[in-house]
Amino acid sequence: MSLAACADAVRLGDPDRFAATMAAPLAVRDRLWPLYAANLEIARAPWAATEPVVAEMRLQWWVDTVGELANGGERRGHAVTEALAPILASDPMLAPLLTGIAEARRWDCWRDPFADQAAFATYLDATAGNLYWAAARTLGAPAGAEAAVRDFAHAAGLAAWFRAVPQLETRGRLPLVDGRPDAVAALARQGLARIAAGRAARGTVPAAVRPALYPAWQAAALLRQAASQPQRVASGELALSEAGRRGRLLWLVLRGACP
């Protein structure tokens, strides 16, 4: 029941990741749902309260809970924590990755901008990067796959961030260090370079691990769009057609390829 609840939470809260996960084999999905549902809960925590200190307390609950679950503790009555507990017990490296996501999300609690592009890149690596690497580890990724996985994750995180820019600005945040079109286009090209690096190292990512990368299936196309038409980021028009989305995911799955 807890796995089904996790899957349903992802379906409602992160439909693109849900679609990508449904494209993976059933046994793989059951290992990924708890991670993705936990990530969704962590991502929502900073926005569940208007007071930054209260929002940080919600994040701290997840930091503490993940640590307790990794040490054999239980949090009964919560579908996500019940499903997450055995996943964390299977790999001692997963808990630090999830707590790293929660710690990075403290930025979301406040209205301060990123100090510079390096700080923004660190945020993407601690959020998207940690999630993708946790998913890959859950599917048995060797240590040598981490660089490639994090390259794809950075690009996917950047594409998702670009799509979220209008909403973040509406909420009073300053999501980009430099929001001018030329700067946005340059950032998109950096993301495309990370995809190119990931593809060059795709041999380090075993086929059984590649479903962890499926959620990045739109990243290259979205970043190419942002590089050529950066104004789409500010206007909220950065998107693929439904046919394009479905076709890209189908191609990825049928080829067993990296994004």
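Here the structure is a predicted model, which is why all the values come from computation and not from measurement.
For R246, the CZ atom counts as loosely surrounded, since its 6.0 Å shell holds 12 or fewer non-hydrogen atoms of other residues, nucleotides or ligands.
Here E242 pairs with R245 in a salt bridge; the nearest charged N to carboxylate O distance falls below 4.0 Å. Under a 4.0 Å N-O distance rule, the pair D178/R180 qualifies as a salt bridge.
Connection of L168 to I42 is established within a shared hydrophobic cluster, with ILVMFWY side chains joined at heavy-atom distances below 4.5 Å, either directly or through further cluster members. When the side chains of ILVMFWY residues are joined at heavy-atom separations under 4.5 Å, either directly or via intervening members, W217 and L32 end up in two distinct hydrophobic clusters.
A distance-only check finds a donor-acceptor pair linking the side chain of R29 to the backbone of A24 [under 3.5 Å]. At distances below 3.5 Å, not a single donor-acceptor pair connects side-chain atoms of R58 with backbone N or O atoms of P46. Distance alone, capped at 3.5 Å, places no donor-acceptor pair between the R111 side chain and the L174 backbone. Put simply, the side chain of R173 gets close to the backbone of W110: a donor and an acceptor are under 3.5 Å apart. Side-chain atoms of R199 do not come within 3.5 Å of backbone N or O of C258 as any donor-acceptor pair. Of the possible polar contacts, none joining the R202 side chain to the A257 backbone as a donor-acceptor pair under 3.5 Å is found.
Note on residues 157-166: pairs passing side chain to side chain donor-acceptor pair (under 3.5 Å), not counting sequence neighbours, are D16-R163.
N39 pairs with exactly one of I101, L98, V10 by the side-chain contact (heavy atoms from CB on, under 4.5 Å) rule, that one being I101. Tested against F120, the residues F114, W107, F162 include a single ring-ring contact (aromatic ring centres under 6.0 Å, His included) partner, F114.
In this structure, L97 CG and L131 CG are separated by 9.5 Å, a value rounded to the nearest 0.5 Å. From L94, atom CG reaches atom CZ of R137 across 6.5 Å, with rounding to the nearest 0.5 Å. Atom CG of L124 sits about 11.5 Å away from atom CG of N130, to the nearest 0.5 Å. Rounded to the nearest 0.5 Å, atoms CG (L238) and CG (L222) are 5.0 Å apart. Here M22 contributes atom CE and L249 contributes atom CG; the two are 11.5 Å apart, rounded to the nearest 0.5 Å. The OG1 atom of T50 sits 12.0 Å away from atom CZ of R171, with the distance rounded to the nearest 0.5 Å.
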### Task
Run the numbers on W33 and F18 for ring-ring contact (aromatic ring centres under 6.0 Å, His included), then give the verdict.
CA-CA 9 Å; W33 293 133; F18 178 80; 5.4 Å; yes
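At a threshold of 4.5 Å between non-hydrogen side-chain atoms, the residues Q117 and L187 count as touching. Side-chain contact between Q225 and L240 is present, with heavy atoms from C-beta onward closer than 4.5 Å.
Annotation for A156 and Y132: closest pair CB-OH, 3.4 Å, computed over non-hydrogen atoms. The two atoms that bring G179 and V184 nearest to each other are O-CG2, 3.7 Å, heavy atoms only. Scanning both residues, A38 and L84, for their nearest heavy atoms gives CB-CD2, 3.9 Å.
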